[in-house]
Amino acid sequence: MSNDKILGRQQLRERVEQWRRAGERIVLANGGFDLLHVGHVRYLRGAKELGGKLVVAVNSDESVRELKGEGRPIMPAEERAEIVAALGDVDAVVIFDELDVRALIREIRPDIQAKGTDYTAESVPERDAVAEYGGRVAIVGDPKDHSTSGIIRSRLGPRRP
């Protein structure tokens with residue numbers, strides 16, 4: 001996988017520092033991105049519209065399984081990261097193993113943590129980590145009418161063992 005947008009944690013820290021030195025704002029979005037759908041695209045576009053460089057943290061296979069259950073993810077993390085990196089709004093992608101992005105937030109200290117409309121600014125799980133250094137949380141994207149789980153249920157039928 002040779003994509004200069006897909007970075008390891010150390011590479012990401014270095015890239016973020018380069019961007020900061022150049023005066024860029026850093027926006028972080030995160031998710032499983034298991035089957036990319038229009039809700040994901042609108043979420044990431046909304047995050048990019050906040051201005052600056054958009055970093056997308058993609059959950060590892062293990063963390064998706066823990067969060068979503070057996071049978072998930074549908075696609076491996078490396079493929080999900082490659083698809084997300086192909087989007088024009090995305091400047092960098094990192095795969096993370098934790099169940100939430102607090103550790104990554106503390107590492108790169110994004111100016112803005114962008115979350116989808118299934119959250120409110122008060123319900124974002126990582127808002128405490130963002131507040132520690134004076135960053136802010138923004139809710140972006142369209143109403144949560146799309147989900148990979150919903151697509152699987154409605155279009156692909158029940159999963160078989």
Side-chain angles (χ1 to χ4, degrees), residues 1 3-34 36-68 72-73 76-144 146-148:
M1 164 176 67
N3 184 320
D4 64 349
K5 286 187 186 179
I6 302 171
L7 307 172
R9 297 279 272 258
Q10 180 59 37
Q11 292 173 298
L12 178 63
R13 286 191 296 273
E14 292 167 7
R15 181 86 45 97
V16 165
E17 278 311 307
Q18 290 171 352
W19 289 335
R20 279 224 166 82
R21 283 193 301 273
E24 294 285 357
R25 173 186 300 181
I26 308 300
V27 179
L28 175 67
N30 68 283
F33 303 100
D34 199 4
L36 198 66
H37 54 70
V38 71
H40 291 133
V41 171
R42 292 172 183 165
Y43 164 51
L44 296 175
R45 179 159 301 131
K48 182 66 173 181
E49 287 171 354
L50 295 169
K53 297 293 187 178
L54 177 58
V55 175
V56 180
V58 174
N59 288 81
S60 69
D61 293 347
E62 187 176 314
S63 66
V64 169
R65 205 167 0 272
E66 181 87 17
L67 292 165
K68 303 289 185 177
R72 298 285 299 276
E78 293 75 19
E79 290 180 15
R80 292 182 281 122
E82 186 174 342
I83 291 168
V84 169
L87 298 174
D89 291 324
V90 175
D91 296 295
V93 177
V94 65
I95 297 170
F96 71 105
D97 291 319
E98 300 87 352
L99 296 180
D100 69 40
V101 289
R102 281 184 181 91
L104 185 62
I105 286 169
R106 289 180 177 118
E107 288 173 37
I108 67 169
R109 298 168 58 101
D111 298 284
I112 305 171
Q113 162 72 351
K115 296 295 270 190
T117 56
D118 46 335
Y119 292 95
T120 65
E122 296 73 37
S123 71
V124 171
E126 307 89 4
R127 73 184 182 286
D128 58 335
V130 176
E132 287 172 7
Y133 59 88
R136 74 178 176 98
V137 171
I139 306 302
V140 298
D142 66 347
K144 183 77 176 189
H146 315 91
S147 74
T148 300

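Each residue takes its place number in the sequence, starting with 1.
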Review point. Taking the inter-plane angle between the rings of Y43 and F33 on a 0 to 90° scale, is it parallel (under 30°), tilted (30 to 60°) or perpendicular (over 60°)?
Key: parallel
Review point. Between the side chain of Q11 and the main-chain N/O of G8, is any donor-acceptor distance below 3.5 Å?
Key: yes
Review point. With sequence neighbours excluded, what pairs up with L12 under the side-chain contact (heavy atoms from CB on, under 4.5 Å) test?
Key: L7, V16, V55, A92, V94, L104, I108
Check your understanding: For R65, what residues pass the side chain to side chain donor-acceptor pair (under 3.5 Å) criterion, not counting sequence neighbours?
Key -> none
Review point. Given the rule in the side-chain contact (heavy atoms from CB on, under 4.5 Å) test, do R127 and K115 qualify, once you have shown the distances and angles that lead to the verdict?
Key: CA-CA 10 Å; R127 73 184 182 286; K115 296 295 270 190; over 6 Å; no
Check your understanding: Pick one: which of L36, V58, I95 meets side chain to side chain contact (heavy atoms under 4.5 Å, CB included) with R80?
Key -> V58
Exercise for review: Please report the shortest heavy-atom distance between A85 and I6, naming the atom on each side.
Suggested key: CB-CG1, 3.9 Å
Check your understanding: side-chain contact (heavy atoms from CB on, under 4.5 Å) with E24: which residues, sequence neighbours excluded?
Key -> W19, K53
Practice item. Only counting residues at least two apart or in another chain, list the ones meeting side chain to side chain donor-acceptor pair (under 3.5 Å) with E98. Key: R9
**Study point:** Spatial distance of atom CG (N30) from atom CD (Q113) [nearest 0.5 Å]
**Key:** 5.5 Å
**Study point:** From L44, L87, D89, residue fulfilling side chain to side chain contact (heavy atoms under 4.5 Å, CB included) relative to V56
**Key:** L44
Review point. Which pair of non-hydrogen atoms, one from A77 and one from D61, has the smallest distance, and what is that distance?
Key: N-OD1, 2.7 Å
Review point. Considering only heavy atoms from C-beta outward, does the side chain of D111 approach that of R20 to under 4.5 Å?
Key: yes
Study note, to complete from the structure: The salt bridge (Lys or Arg N to Asp or Glu O under 4.0 Å) partners of D97 (sequence neighbours excluded) come to none
Review point. If every non-hydrogen atom of A114 is compared with every non-hydrogen atom of V27, which pair is closest and at what distance?
Key: CB-CG1, 4.1 Å
**Study point:** Nearest atoms (heavy-atom pairs only) where L54 meets A29
**Key:** CD1-CB, 4.1 Å
Study note, to complete from the structure: In short, G116 meets I139 closest at the heavy-atom pair O-CG2, 3.6 Å
Check your understanding: Charged N to carboxylate O under 4.0 angstrom, K68 versus D34?
Key -> no
Check your understanding: When you look at R42 and R45, which way does the side-chain contact (heavy atoms from CB on, under 4.5 Å) test go after all the steps?
Key -> CA-CA 5 Å; R42 292 172 183 165; R45 179 159 301 131; 5.5 Å; no
**Study point:** side chain to side chain donor-acceptor pair (under 3.5 Å) partners of K48, counting only residues at least two apart
**Key:** D91
Check your understanding: Which residues pass the side-chain contact (heavy atoms from CB on, under 4.5 Å) test with E14, sequence neighbours left out?
Key -> Q10
Check your understanding: Of all residues at least two apart in sequence or in a different chain, which pass the salt bridge (Lys or Arg N to Asp or Glu O under 4.0 Å) check with R15?
Key -> none
Review point. Can you name the closest pair of heavy atoms from T117 and G141 and give their distance?
Key: CG2-O, 3.4 Å
Exercise for review: Under the side-chain contact (heavy atoms from CB on, under 4.5 Å) rule, collect the residues that match up with S63, sequence neighbours excluded.
Suggested key: N59, S60, L99
Exercise for review: Nearest 0.5 Å please: distance from the CZ atom of R109 over to the CZ atom of R13.
Suggested key: 13.5 Å
Practice item. Not counting sequence neighbours, which residues clear side chain to side chain donor-acceptor pair (under 3.5 Å) with D100? List them please. Key: R102
